[in-house]
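As structure tokens, the structure follows; a few thoughts come after it.
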There are 2 protein chains.
Amino acid sequence: MLHVAEAARVSVATVSALLNGTATVSPELTQRIEQAIRDIGYKRNAIARSLKMGTTRTIGLTVPHITNPFFTDVVSVIQQAFDRAGYAVMLCCTDEDLNTQDEQIRLLLDRMVDGLIVARVGDGGILKSIVEDANVPVVLLDRLCEGVDTDAVVLDNQRAVSDAVTYLIHLGHRRIGYITGTSDISPMHDRMIGYREALQAAGLPMAEELIRSGNFHEIDGYNATMQLLSLHDRPSAIFSANNPMVIGTMKAIRDIGLSCPEDISVACFDDFPWSDVFVPQLTTVAQPVQAIGEQAANLLLDRLAGNRDAPPRKLVLKGRLMIRNSCRPLGALPQSVSA
Amino acid sequence: MLHVAEAARVSVATVSALLNGTATVSPELTQRIEQAIRDIGYKRNAIARSLKMGTTRTIGLTVPHITNPFFTDVVSVIQQAFDRAGYAVMLCCTDEDLNTQDEQIRLLLDRMVDGLIVARVGDGGILKSIVEDANVPVVLLDRLCEGVDTDAVVLDNQRAVSDAVTYLIHLGHRRIGYITGTSDISPMHDRMIGYREALQAAGLPMAEELIRSGNFHEIDGYNATMQLLSLHDRPSAIFSANNPMVIGTMKAIRDIGLSCPEDISVACFDDFPWSDVFVPQLTTVAQPVQAIGEQAANLLLDRLAGNRDAPPRKLVLKGRLMIRNSCRPLGALPQSVSA
DNA sequence: TGACACGTTCGAAACGTTTAGATTAGCGTT
DNA sequence: AACGCTAATCTAAACGTTTCGAACGTGTCA
């Protein structure tokens with residue numbers, strides 16, 4: 001900018017004023033400055049600007065695993081939304097590890113991100129103090145966090161699972177295996193309640209042996225399914241917690257020599273482009289990923305626009321049961337495709 | 001830092017020296033300073049540091065679509081690599097649009113990223129001048145770029161497709177539909193050569209009507225497949241350019257009332273966790289995503305470590321044909337699973 | 001004892017912006 | 001002709017670091 005100012009024979013203040021439109025500058029000077037900018041190929045240094053202004057027009061986004069299609073989609077939507085708004089996005093993957101998350105959040109704050117969207121891990125760790133100190137706005141994504149009172153957008157997980165399990169019960173299933181993620185995060189907790197609720201409403205017993213948990217990975221789903229399938233009285237249906245885990249479930253079913261839905265029905269959380277392309281077509285609980293991402297972005301953008309004092313807002317969206325043909329009525333042939 | 005210095009009754013220079021280990025500071029002062037840092041909860045401001053040092057320990061990464069599983073995986077690997085090295089990653093999606101890409105790259109450069117990894121779009125646009133000006137190192141990912149002479153890691157696309165098509169020919173297929181992406185990027189160009197090469201080696205004619213192109217989306221694959229399937233003499237096999245497009249292909253086959261592999265064989269580029277879980281199990285060309293991501297990261301990290309003058313390095317990795325059961329020998333029953 | 005070297009600490013400039021407040025010029029009023 | 005007002009421009013401080021060179025105190029050696 002100094003060079004531009006010299007070339008245009010004006011002060012840096014005038015250049016700045018022109019660039020930011022913070023003051024009127026005469027036509028001649030305007031022209032001289034613009035010419036100088038072109039000649040020199042000047043680009044304003046955003047770092048210096050950030051230092052002075054105290055804002056970076058950058059936000060931090062942390063998710064457990066970007067390869068989980070649910071998070072992939074949400075990240076994509078959020079990225080687009082902030083791109084439109086002129087913000088850059090720093091992406092971090094916490095690998096479902098609290099220490100990693102804490103470290104990455106610290107890194108992001110050091111870099112003066114203007115806001116944070118977090119699909120948190122563990123008990124939230126450092127998040128609590130950040131939200132309390134209230135320097136940078138935080139939006140919780142997908143997972144609430146006890147003791148962290150801030151904007152959030154989550155699914156009505158209880159209802160979603162309750163609907164899915166009720167559907168299985170209506171098909172005649174009585175022993176429904178349930179594979180969940182680590183239980184310390186809110187969605188898993190709420191989904192478990194939904195599972196219990198549906199069983200209870202149908203007067204079915206809750207068998208602990210039918211509940212398995214794992215760390216969200218394919219291998220965890222595989223192992224959990226293997227255990228369920230080798231029970232003396234094995235379940236006739238399995239509900240799996242997410243995409244990677246349901247892949248593990250399907251592989252376990254295949255490896256053990258059974259088939260879906262003939263021998264065992266399968267449903268899962270999260271829907272994917274290919275859910276209805278292959279055989280069996282998976283019955284899933286679809287999350288409104290587009291809406292989730294957009295709402296999260298909007299909540300944060302609203303705070304960034306200056307609306308700091310509004311009380312925390314919590315958005316709860318509805319899942320949608322996509323009925324396909326991976327679950328069959330007990331004692332009948334596989335049903336045909338709907339959805 | 002000023003506050004810390006005051007609280008510890010030293011100068012800011014001493015605090016800085018201690019923090020960076022750039023000079024020895026006596027045990028007493030060390031202790032006073034560390035105490036003050038704890039008391040105040042001081043965190044060093046990375047933006048101010050960046051401004052002074054001229055380095056941000058941040059890199060920019062642009063890909064066409066993060067929801068394409070190939071890019072999802074590569075992004076994930078790259079993100080992890082830079083995370084380990086203490087770098088932050090700014091992620092941009094160009095949506096296969098050159099203007100968007102140019103704008104995003106400019107944004108990244110304004111923010112003084114230390115380096116760039118780009119899965120480029122169009123003709124590269126602004127990239128040329130950036131690489132020439134040589135201020136920030138650039139690594140090309142997945143796609144070379146004419147006139148942009150810099151580090152790159154790509155697949156041997158020609159060989160990969162040639163192998164896949166040759167495999168189809170060995171199964172007895174003579175009319176092989178080929179669905180490609182927009183032809184202005186190097187992989188699509190090389191793959192087309194591979195396709196031609198395989199046909200030629202087998203003495204088969206090259207029928208233009210069997211070649212369709214689209215913009216990498218599911219809908220493009222769907223439309224292209226619809227066109228291929230309504231040819232008077234329709235192909236007995238289809239090779240599809242990527243994951244979203246092959247989903248479109250499968251949907252088109254289903255919607256038109258055919259089935260795979262009985263009526264039509266299908267193979268595609270890129271492998272996915274679920275490729276071998278459902279029916280049919282997809283025959284694919286697997287890219288070594290882990291290696292691609294790591295190599296790209298290493299190339300850039302090497303430049304960032306100071307190795308600026310080495311000539312551009314071009315890494316070419318091999319794909320691997322994953323033979324499953326979505327392609328059948330012509331005139332015979334579907335083969336059983338391998339791989 | 002004076003000169004010198006060494007180890008430790010500090011003052012101040014610099015990175016590239018923004019911005020408050022000062023300055024200047026032009027113009028209309030009285 | 002002196003005054004005040006407005007519009008345009010400038011000066012200089014500030015943002016929070018790093019770093020160069022100077023300063024200071026202490027010990028060693030001639």
- prompt: Is the phosphate of C:dC10, meaning OP1 or OP2, less than 4.0 Å from a side-chain N or O of B:T14?
  reply: yes
task: Kindly give the heavy-atom pair with the smallest separation between B:V316 and B:L155, and that separation in Å.
output: CG1-C, 4.0 Å
task: Give me the residues of residues 29-37 of chain A where at least one heavy atom lies under 4.0 Å from an atom of DNA chain D, by number, or none.
output: A:L29
query: Closest heavy-atom contact between B:V77 and B:Q290?
result: CG1-O, 3.6 Å
- prompt: Can you tell me if B:D83 and B:Q79 form a side-chain donor-acceptor pair at under 3.5 Å?
  reply: no
- request: Output yes when at least one side-chain N/O atom of A:S26 is less than 4.0 Å from OP1 or OP2 of D:dT9, else no.
  value: yes
- request: Find the distance B:E28:CD to C:dG7:P and express it as a whole number of Å.
  value: 17 Å
message: I'd like to know if B:D151 pairs up with B:K314 as an ion pair, taking the criterion as any Lys NZ or Arg NE/NH1/NH2 lying under 4.0 Å from an Asp or Glu carboxylate oxygen.
response: no
task: Run the salt-bridge test on B:E6 and B:R32 with the 4.0 Å N-O cut-off and return the result as yes or no.
output: no
message: Let me check the geometry of the helix from C:dT1-D:dA30 to C:dT30-D:dA1. What is the bend angle between the axes at its two ends, five pairs each, to 10°?
response: 80°
Provide a list of protein-nucleic acid N or O atom pairs under 3.5 angstrom, restricted to nucleotides 13-18 of chain D.
from   : atom 1 : to    : atom 2 : distance (Å)
D:dA14 : N3     : A:K52 : NZ     : 2.8
D:dT17 : OP1    : B:Y42 : OH     : 3.0
D:dT17 : OP1    : B:N45 : N      : 3.1
D:dT17 : OP2    : B:M1  : N      : 3.2
D:dT17 : O5'    : B:Y42 : OH     : 3.4
D:dT18 : OP1    : B:N20 : ND2    : 3.2
D:dT18 : OP1    : B:R44 : NE     : 3.2
D:dT18 : OP1    : B:R49 : NE     : 2.7
D:dT18 : OP1    : B:R49 : NH2    : 3.4
D:dT18 : OP2    : B:S16 : OG     : 2.6
D:dT18 : OP2    : B:N20 : ND2    : 3.3

query: Rounded to the Å, how far apart are A:M112 CE and C:dT17 P?
result: 16 Å
query: When you check the phosphate oxygens OP1 and OP2 of D:dA8, does a side-chain N or O of A:T24 lie under 4.0 Å from one of them?
result: yes
- prompt: Should the pair A:R143-A:E96 be classified as a salt bridge under the 4.0 Å nitrogen-to-oxygen rule?
  reply: yes
message: Side chains of B:T55 and B:D114 only: does a donor on one sit below 3.5 Å from an acceptor on the other?
response: yes
field: Side-chain donor-acceptor pair present, A:N298, A:E294, cut-off under 3.5 Å
entry: no
task: Round to a whole Å and report the spacing from CD of A:E6 to P of C:dT17.
output: 13 Å
Ionic contact status for A:D302 with A:R313, cut-off 4.0 Å: yes
- request: Check whether the side chains of B:T56 and B:R111 place a donor and an acceptor atom closer than 3.5 Å, and report yes or no.
  value: no
message: Taking side chain to side chain contact (heavy atoms under 4.5 Å, CB included) as the criterion, tell me which of B:T14, B:V10, B:I40 meets it with B:V4.
response: B:I40
